[in-house]
Amino acid sequence: MKRLVLFLLAACALDAVAALQVMDLKCESAVAPLGIDVSAPRLSWQLRDDARGSRQTAWQVLVASTREQLAADRGDLWDSGRVASDQTAWIAYAGRPLASSQRVFWKVRVWDGAGAATPWSAPAEWTMGLLRAEDWHAQWIEAAPNAEGALLRREFAVKPGLQRALLHVTGLGQYEAFLNGAKVGADLLAPGWTDYRDTVLYDTHDVTAQLAAGANAIGLALGRGMYHVERKDGRFAKFTSHYGELRAIAQLRLEYADGTVEFVGTDGSWRTQPGPITWSSSYGGEDYDARRLPAGWDRVGAAPEGWTPVKIATAPLGALRGAAHANEPLRAIETREPVSVRTLADGAVLFDFGQNTSFMPRLTVSGPAGATVRLVPGEVVKDDGSIERGTMGGAHRGSAWWQYTKATDGTETWFPQFYYVGSRYVRAELIPARPGGAAPRIDRLQMVIVRAAVEPAGEFATSNPLLNRIRGLVRWAQASNLVSILTDCPHREKLGWIEQFHLNGPSIRHEFDVTRTYAKAMRDMAEAQLPDGLVPNIAPEYVEFKGGFRNAAEWGAAFFLVPWQQREFTGDEALLRDYYPAMQRYFAFLESRADHDILSDGLGDWYDYALNSGKRANLTPPPITATAFFYEDARTLARTAALLGHADDAARYTRRATEIRRAYIAKFRRADGLYGTASQAALCIPLALGLVEESDRPAVLAALIRDVEDKGYASAGDIGFRYLLLALAQAGRDDVIYRLINQDEKPGYGYQLKLGATALTESWHASLGASHNHFMLGQVIEWFYQRVAGIAPDPERPGFRHAVVRPQPVGDLTWAEATQRTVAGEYRVRWERGSGKFALHVTVPANATATVHLPTRDVAAIRESGAPLAAAAGVKFVRIDGDRAVIEVGSGVYSFETPW
């Protein structure tokens with residue numbers, strides 16, 4: 001009997017060990033990244049366990065130089081030993097110094113709440129980049145002057161016994177690399193956008209499989225990108241720039257079985273020629289003449305004619321930095337066929353792909369050599385099928401297109417290299433090789449959706465189809481503007497206007513994992529910061545705008561707020577530590593610009609909405625919005641100082657916030673107790689930020705609600721709309737938000753859908769003079785997830801280690817649900833109401849907890865999984881808060897039911 005008991009106990013222990021699993025290992029927020037060039041990369045993992053209350057009490061990381069060492073449980077680079085901690089993210093490597101290009105293997109195990117160790121995780125790995133400038137065995141080389149596009153090539157020998165080949169490479173403005181006739185990797189439009197005077201990103205690829213013993217060939221194709229933008233021949237350009245001639249740097253590391261290492265780097269032995277790209281611009285398009293492509297140019301034995309020696313570049317550029325932990329690469333995400341095709345009166349062919357999104361076309365064309373197909377993108381078309389240029393930059397600024405000229409009389413397929421755009425339609429113009437000759441024929445045209453390869457982070461749905469369509473409208477605009485920065489639109493500007501990072505931060509984080517994108521954004525902002533402390537409105541600052549378009553406090557607030565959002569959603573405090581001194585410099589600049597603590601450097605409530613007005617800030621002028629964010633900056637800087645242990649700074653910035661608030665109230669409080677112009681933005685921003693005198697709050701809230709309900713639409717714009725949602729939600733008036741959103745008769749989301757929009761437009765009324773793919777006004781996604789479904793991060797316990805679940809059964813909704821994938825794991829929430837009951841289903845990931853706010857005043861009426869609420873079930877009742885029962889839960893799956 002004793003033996004049986006011991007056997008059963010052992011079996012239970014084995015089950016306990018097997019229950020908690022370590023999954024999803026990441027290095028610097030990426031799976032198996034190549035080219036990590038920080039000396040102490042940070043490691044993360046997730047835990048899986050269906051049991052309630054599952055948690056981690058300790059962890060151990062093994063890091064090894066070979067897969068064999070790791071399999072033998074030997075961490076010859078780092079064995080952390082058992083570390084008593086529940087931390088699963090942002091754990092810095094603390095082992096032996098790592099070398100450039102080194103391949104590193106690692107795994108993790110943890111201990112659960114009972115002290116039992118899990119099995120080791122599956123092995124993971126990362127590859128280092130080049131840690132020191134002297135580790136580059138290569139030189140920057142240049143193509144011919146003023147090249148629109150360029151080809152570079154070299155042949156080299158590989159000895160027998162090759163074990164690994166690693167390519168570190170970049171080209172400016174954009175590049176693609178080729179080995180022995182095949183493209184290297186799947187990235188598009190590389191490298192990521194930066195201010196090339198400060199930073200140039202490079203990529204790392206394991207290319208072992210693309211090489212063979214004997215002769216090999218490497219080739220690079222270059223395009224202009226943001227590196228060189230010009231206005232020419234009626235082509236569209238938002239601005240002009242010229243950082244220098246097209247250039248590249250590449251280093252191929254060859255490791256052999258006998259332990260020897262060889263390098264093939266860019267140097268004076270490389271050759272160049274212009275190649276088939278005859279026009280290349282991030283704004284104007286890309287022209288490609290296939291007749292100019294040298295046969296076999298990227299293979300061994302290419303004919304030498306036309307190739308000339310490269311020039312060694314001498315003009316300085318910024319520091320090379322690995323792209324692996326800077327941002328996600330751009331990739332082809334999905335391919336779509338047109339939903340309709342029609343021939344127009346002028347002989348052009350109009351392709352409708354049914355969705356406005358960021359894309360590049362894949363063209364299959366037949367017809368005579370020299371025939372040309374011009375592909376003109378458009379968001380909106382006129383009745384005659386011509387492109388409406390008003391949404392894409394205006395006809396007076398020129399047009400943009402792709403153009404392909406055939407090389408043979410056969411069928412050819414082409415995919416561009418260096419131009420993408422946001423549009424729904426493509427107008428194909430078929431141009432004969434010579435007047436009166438045969439026109440080419442398009443056999444197939446596909447839309448290849450292109451964006452940063454960020455992972456989806458959330459799902460949301462309700463019983464109301466309009467809300468679901470609104471979510472799709474916004475999400476398409478978010479996705480279309482995900483590149484290596486967040487662009488405002490994927491056609492007419494393609495610039496990183498930084499206010500979107502904070503105003504739309506929560507909304508986009510609920511939908512996509514933009515952890516690395518936001519870290520890069522902070523670096524871009526810091527690099528754009530001027531010596532006097534100003535953080536410009538766009539970063540990278542490819543063009544210097546004037547006045548408020550360069551210096552707007554509502555935009556610059558991102559420099560303070562983005563690091564806090566990063567901490568709140570991911571638990572990462574690095575941005576707060578790294579950029580605190582730069583934040584102080586920017587705040588000092590704002591202080592120098594303020595007049596008795598009133599700041600006027602701003603753009604007001606940009607693109608707000610007033611009937612019959614074409615102005616861009618109609619209702620709320622800059623001093624109201626700029627000073628409000630000046631106050632919020634001071635508060636945020638005080639929190640940052642306190643978190644970092646700078647007590648004197650925290651006290652000083654807290655005092656400054658109090659002084660700015662006093663000045664704001666003195667300046668903008670009116671005799672009637674309202675504020676500023678009493679517009680929606682002038683009322684909601686001070687309400688949400690705490691700038692309103694407490695005694696004035698009821699009147700200000702009432703005036704705000706009255707204005708919203710009298711109008712029936714949101715007049716608040718880019719700056720104000722998020723705070724309209726926040727102010728109403730904080731007051732418990734989600735019913736007002738729901739009525740505002742759930743309509744299509746007046747300007748707003750439903751109105752845009754009714755007009756046929758498939759991505760969120762720049763203006764509430766879908767003006768044909770504004771972009772039709774602009775996520776600027778998309779803050780409703782934050783309300784969908786955090787209020788309607790009811791899942792939000794807890795700022796006091798950041799990184800979703802703890803979530804707040806507080807659903808809002810508003811309006812006529814009968815159910816809502818959301819999934820949120822976080823650094824801590826996956827949360828799920830679903831609620832339903834009907835037949836006198838309210839049901840709430842909650843899933844909390846292992847090693848996390850949640851506070852659940854159930855709509856009921858009667859604790860005794862709460863049933864959990866069919867039984868009365870019981871602490872033994874892993875549920876702890878905390879308190880009654882108004883009409884809510886507040887309950888704490890650990891990890892696991894819960895189903896609550898209350899009377900409704």
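Heavy atoms only: backbone and side chains are in, while hydrogens, waters and symmetry mates are out.
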Give a yes or no on whether the backbone of Met776 and the side-chain of Asn504 come within a donor-acceptor separation of less than 3.5 Å. yes
Rounded to the nearest 0.5 Å, how far does CD of Glu541 lie from CD of Gln529? 11.5 Å
Is Glu591 salt-bridged to Arg656, cutoff N-O under 4.0 Å? yes
The reported gap from CZ in Phe784 to CG in Leu725 (rounded to nearest 0.5 angstrom) is 9.5 Å
Counting heavy atoms not belonging to Asp710, are there more than 12 under 6.0 Å from its CG? yes
Heavy-atom nearest pair, Tyr607 first then Ser763, reads CE2-CB, 3.4 Å
So do the side chains of Phe569 and Pro506 get within less than 4.5 Å of each other, counting heavy atoms only? yes
Would you call Glu659 and Arg662 a salt bridge, using N to O less than 4.0 angstrom? no
Phe549 and Phe545 aromatic ring geometry - parallel, tilted or perpendicular at 30°/60° bounds: perpendicular
From the list Asp718, Asn537, Thr487, side-chain contact (heavy atoms from CB on, under 4.5 Å) with Trp497 holds only for Asn537
Is a side-chain N or O of Tyr542 found less than 3.5 angstrom from the main chain of Thr194, in a donor-acceptor match? yes
Within the 4.5 Å heavy-atom criterion, are Trp564 and Leu643 side-chain neighbours or not? yes
Determine whether Val788 and Pro807 make a side-chain contact, defined as any pair of heavy atoms from C-beta on separated by less than 4.5 Å. no
Would you confirm whether Ser715, through its side chain, and Ala610, through its main-chain N or O, come within 3.5 Å as a donor-acceptor pair? no
Is it true that a side-chain atom of Arg787 and a backbone atom of Ala729 form a donor plus acceptor pair closer than 3.5 Å? yes
Of all heavy-atom pairs linking Ala552 and Tyr586, the shortest is O-OH, 4.2 Å
Assess the residue pair Thr851 and His802 against the criterion (side-chain hydrogen bond (donor to acceptor under 3.5 Å, both in side chains)); give the C-alpha distance rounded to whole Å, side-chain angles, the decisive distance to 0.1 Å, and a yes or no. CA-CA 8 Å; Thr851 300; His802 185 85; 2.7 Å; yes
For the residue pair Ala89 and Val823, what are the closest heavy atoms and their distance? CB-CG2, 3.8 Å
Please confirm whether the ring centroid of Tyr580 lies under 6.0 Å from the ring centroid of His646. yes
With Gln786, which of Gln808, His510, Gln820 fulfils side-chain hydrogen bond (donor to acceptor under 3.5 Å, both in side chains)? His510
Just wondering, do Thr677 and Ile624 contact through their side chains at under 4.5 Å, heavy atoms? yes
Between His765 and Tyr751 (judged by ring centroids, cut-off 6.0 Å), do the two rings come close enough to count as a pair? no
Residue pair Gln584 / Asp649, side-chain donor-acceptor N/O under 3.5 Å: yes
First locate atom CG of Leu503, then atom CZ of Phe721, and finally report the distance between them rounded to the nearest 0.5 Å. 12.0 Å
Pairing of Arg821 and Asp513 as salt bridge, 4.0 angstrom limit: no
Spell out, as yes or no, whether a donor-acceptor pair under 3.5 Å connects the side chain of Asn481 to the backbone of Ala477. yes
Pairwise side-chain contact, Ile660 with Leu691, heavy-atom cut-off 4.5 Å (strictly under): no
Any ion pair linking Glu693 and Arg669 (charged N to carboxylate O, less than 4.0 Å)? no
Exam field: side chain Glu568 to backbone Gly571, donor-acceptor pair closer than 3.5 Å: no
Does the ring center of Tyr749 lie less than 6.0 Å from the ring center of Trp764? yes
Would you call Arg884-Asp881 a salt bridge at under 4.0 Å N-O? no
How many angstroms lie between atom CG of Asp488 and atom OG of Ser771, to the nearest 0.5 angstrom? 7.5 Å
Are Tyr675 and Phe668 an aromatic pair, judged by ring center distance below 6.0 Å? no
Phe560/Phe629 aromatic ring centres below 6.0 Å: no
Cationic N near anionic O, under 4.0 Å, Arg857 to Asp883: no
With heavy-atom distances below 4.5 Å as the criterion, would you say the side chains of Lys238 and Val543 are in contact? no
Determine, step by step, whether Lys520 and Asp524 satisfy the salt bridge (Lys or Arg N to Asp or Glu O under 4.0 Å) criterion, reporting the C-alpha distance in whole Å, the side-chain angles of both residues, the deciding distance to 0.1 Å, and the verdict. CA-CA 6 Å; Lys520 178 183 177 294; Asp524 291 337; 2.7 Å; yes
Please step through salt bridge (Lys or Arg N to Asp or Glu O under 4.0 Å) for the pair Arg471 and Glu511, ending with a clear verdict. CA-CA 10 Å; Arg471 184 235 175 182; Glu511 293 288 5; 2.8 Å; yes
Ile737 backbone acceptor or donor facing Trp783 side chain under 3.5 Å: no
Report the C-alpha distance between Gln752 and Thr761 in whole Å, list the side-chain angles of each, state the deciding distance to 0.1 Å, and finish with yes or no for side-chain hydrogen bond (donor to acceptor under 3.5 Å, both in side chains). CA-CA 7 Å; Gln752 294 179 22; Thr761 73; 3.2 Å; yes
Is a donor on one side and an acceptor on the other found under 3.5 Å between the side chain of Glu554 and the backbone of Gly604? yes
Check ion pair Asp578-Arg523 (N to O, under 4.0 angstrom): no
To the nearest 0.5 Å, what is the distance between OH on Tyr631 and CZ on Arg661? 6.0 Å
Can you tell whether the side chains of Arg739 and Asp735 come within less than 4.0 Å, N to carboxylate O? yes
So do the side chains of Leu728 and Leu724 get within less than 4.5 Å of each other, counting heavy atoms only? yes
Stepwise side-chain hydrogen bond (donor to acceptor under 3.5 Å, both in side chains) check, Gln680 with Asp605: CA-CA 10 Å; Gln680 289 179 13; Asp605 188 22; over 6 Å; no
Are Leu674 and Leu683 close enough that some pair of their side-chain heavy atoms sits under 4.5 Å apart? yes
Is a side-chain donor or acceptor of Ser29 paired with a backbone partner of Thr515 at a separation under 3.5 angstrom? no
Measuring centre to centre across the rings, with the benzene-like ring taken for any Trp, is Trp555 within less than 6.0 Å of Phe501? no
Distance, nearest 0.5 Å, that separates CG of Leu575 from CE of Met525: 9.0 Å
Using a 3.5 Å distance criterion without hydrogens, assess whether the side chain of Thr640 forms a donor-acceptor pair with backbone atoms of Thr636. yes
Take Asp597 and Lys667 through the salt bridge (Lys or Arg N to Asp or Glu O under 4.0 Å) test and state the conclusion after the steps. CA-CA 10 Å; Asp597 286 337; Lys667 178 72 173 178; over 6 Å; no
Sub-6.0 Å ring centroid separation between Phe630 and Tyr664: no
